[in-house]
There are 2 protein chains.
Amino acid sequence: MDADTALATLAALGHETRLTAFRELVQAGTEGLAVGELRERLGAPGATLTAHLNTLRAADLVIDQREGRVIRVRANYAQMNGLIDYLTENCCAGGGNCAPVSSCKPSKRGKKT
Amino acid sequence: MDADTALATLAALGHETRLTAFRELVQAGTEGLAVGELRERLGAPGATLTAHLNTLRAADLVIDQREGRVIRVRANYAQMNGLIDYLTENCCAGGGNCAPVSSCKPSKRGKKT
DNA sequence: TCGATATTTCCAGAATTATGGAAATATCGC
DNA sequence: GCGATATTTCCATAATTCTGGAAATATCGA
């Protein structure tokens, strides 16, 4: 992932509604959610949600698929992995101060930092 | 790391100047950089850089230490690790679609996604 | 104390982003 | 085709963030 893509991805996630929406989609799993279902969960007006979804779409963080009148949205895990990779490189490049092995240990996840 | 902190961290990194600044600091390693040195590298006016540094500071992404008239700024790797952990949890929770082992393999870093 | 250097705060204008109602588009079942 | 449902686009307003000059603050060496 290049810097511009990482930037767009970070900016897309750096908004409360969009981060919450993405988390809902991740929790929903591979099936994803209908836009209407997501709208109900977030309690946002349609136009507002669409605007945020468009930002997430532009950042390639979600994939949608039309199923008749319903548009089903899913989290794009590949892009999230790409972002994590990018940040890991950024975090670890140069000084070797936080090697991937230490930042990715399963046992370390969930700790209070 | 809680959701609010992750949000502030993502928003802080979701700006070109701040992401570039953070990358410079990571590359600079444990010694960090003087604000003036960072300012020269970024080519930004002092007030502008200070505003961005304040955002990074509020997000706990940088640590600074005064050395006489110079303020030395360093990347806070712990916070970056915390963010990566948060995203990894978000990415992997629910569906098990992208386990940390796959997103953090050293061999996978650097791939084009 | 003074003058020089480093950085910040103050502040206001510029630019961008967010919000949501109303109208438009797409698809369905009949 | 028509009415109903799902979602988007359009658009204007509101809110936020960005930017950078000028003044203020902090520290130094003499």
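Chain letters run A, B, ... following the sequence lines, proteins first and then strands; every chain starts at 1. What you see is a predicted model; the values in this text were computed from it and never measured.
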**Report entry** Separation of A:Glu16 CD from A:Leu42 CG (nearest 0.5 Å)
**Finding:** 10.5 Å

Report task. Remember a base hit wins even if backbone is also touched, and classify B:Arg66 as base, sugar-phosphate or nothing at under 4.0 Å, heavy atoms. Result -> sugar-phosphate

Query raised in the report: Just checking B:Gly46: base, sugar-phosphate only, or nothing, at a heavy-atom cut-off of under 4.0 Å?
Result: base

Interatomic distance where [atom1] belongs to [X] and [atom2] belongs to [N] [whole Å]:
X       : N      : atom1 : atom2 : answer
A:Asp64 : D:dA6  : CG    : P     : 17 Å
A:Glu37 : D:dT7  : CD    : C1'   : 15 Å
A:Leu56 : C:dT17 : CG    : C1'   : 14 Å
B:Leu42 : C:dT7  : CG    : P     : 13 Å
A:Gln65 : D:dA6  : CD    : C1'   : 16 Å
A:Leu49 : C:dA18 : CG    : C1'   : 13 Å
B:Leu7  : D:dT16 : CG    : P     : 14 Å

With sequence neighbours left out, what residues match [X] under side-chain contact (heavy atoms from CB on, under 4.5 Å)?
X       : value
B:His15 : B:Thr17, B:Arg18, B:His52
A:Asp2  : A:Asp4, A:Thr5
B:Asn76 : B:Asp60, B:Ile63, B:Ala78, B:Gln79
A:Ala3  : A:Tyr86, B:Arg23

Query - Single-linkage hydrophobic cluster B:Val70~B:Val73, side-chain heavy atoms < 4.5 angstrom - result: no

Report task. Using heavy atoms and a sub-4.0 Å distance, could you list which residues of residues 67-74 of chain B are near DNA chain C? By number, please. Result -> B:Arg69, B:Val70, B:Ile71

Could you go over nucleotides 18-25 of chain D and give all protein N or O partners under 3.5 Å, atom names and distances?
{"residue": "D:dC18", "atom": "OP1", "partner": "B:Arg18", "partner atom": "NH1", "Å": "3.3"}
{"residue": "D:dC18", "atom": "OP1", "partner": "B:Arg18", "partner atom": "NH2", "Å": "3.1"}
{"residue": "D:dC18", "atom": "OP2", "partner": "B:Arg18", "partner atom": "NH1", "Å": "3.4"}
{"residue": "D:dT19", "atom": "OP2", "partner": "B:His52", "partner atom": "NE2", "Å": "2.5"}
{"residue": "D:dG20", "atom": "OP2", "partner": "B:Thr48", "partner atom": "OG1", "Å": "3.2"}

Query raised in the report: salt bridge (charged side-chain N to carboxylate O under 4.0 Å, His left out) with A:Arg72: which residues, sequence neighbours excluded?
Result: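 With sequence neighbours excluded, A:Arg72 shows a salt bridge (charged side-chain N to carboxylate O under 4.0 Å, His left out) to A:Glu67, given in chain and number order.
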
Requested in this report: Check side chain to side chain donor-acceptor pair (under 3.5 Å) between B:Arg57 and all other residues, then give those that pass, not counting sequence neighbours.
Outcome: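 By the side chain to side chain donor-acceptor pair (under 3.5 Å) rule, B:Arg57 matches B:Asn54, B:Asp64.
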
Query raised in the report: Side-chain N or O of B:Asn54 less than 4.0 angstrom from OP1 or OP2 on C:dT7?
Result: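 No, because none of the side-chain N or O atoms of B:Asn54 sits under 4.0 Å from OP1 or OP2 of C:dT7.
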
Report task. For C:dT8, take OP1 and OP2 only and decide whether either is under 4.0 Å from a side-chain N or O of B:Arg57. Result -> yes

Report summary line: As a check of understanding: the bend across the helix from C:dT1-D:dA30 to C:dC30-D:dG1, end axes from five pairs, rounded to 10 degrees, works out to 30°

Query raised in the report: So, B:Thr88 side chain and B:Ile84 main chain: donor-acceptor pair closer than 3.5 Å or not?
Result: yes

**Report entry** B:Thr48 side chain to B:Ala44 backbone, donor-acceptor under 3.5 Å
**Finding:**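 Not at all, since once roles are kept as given, no pair shorter than 3.5 Å links the two residues.
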
Query raised in the report: Does any pair with a residue in residues 31-51 of chain B pass salt bridge (charged side-chain N to carboxylate O under 4.0 Å, His left out), and if so which ones, sequence neighbours excluded?
Result: B:Glu24-B:Arg41, B:Glu37-B:Arg41

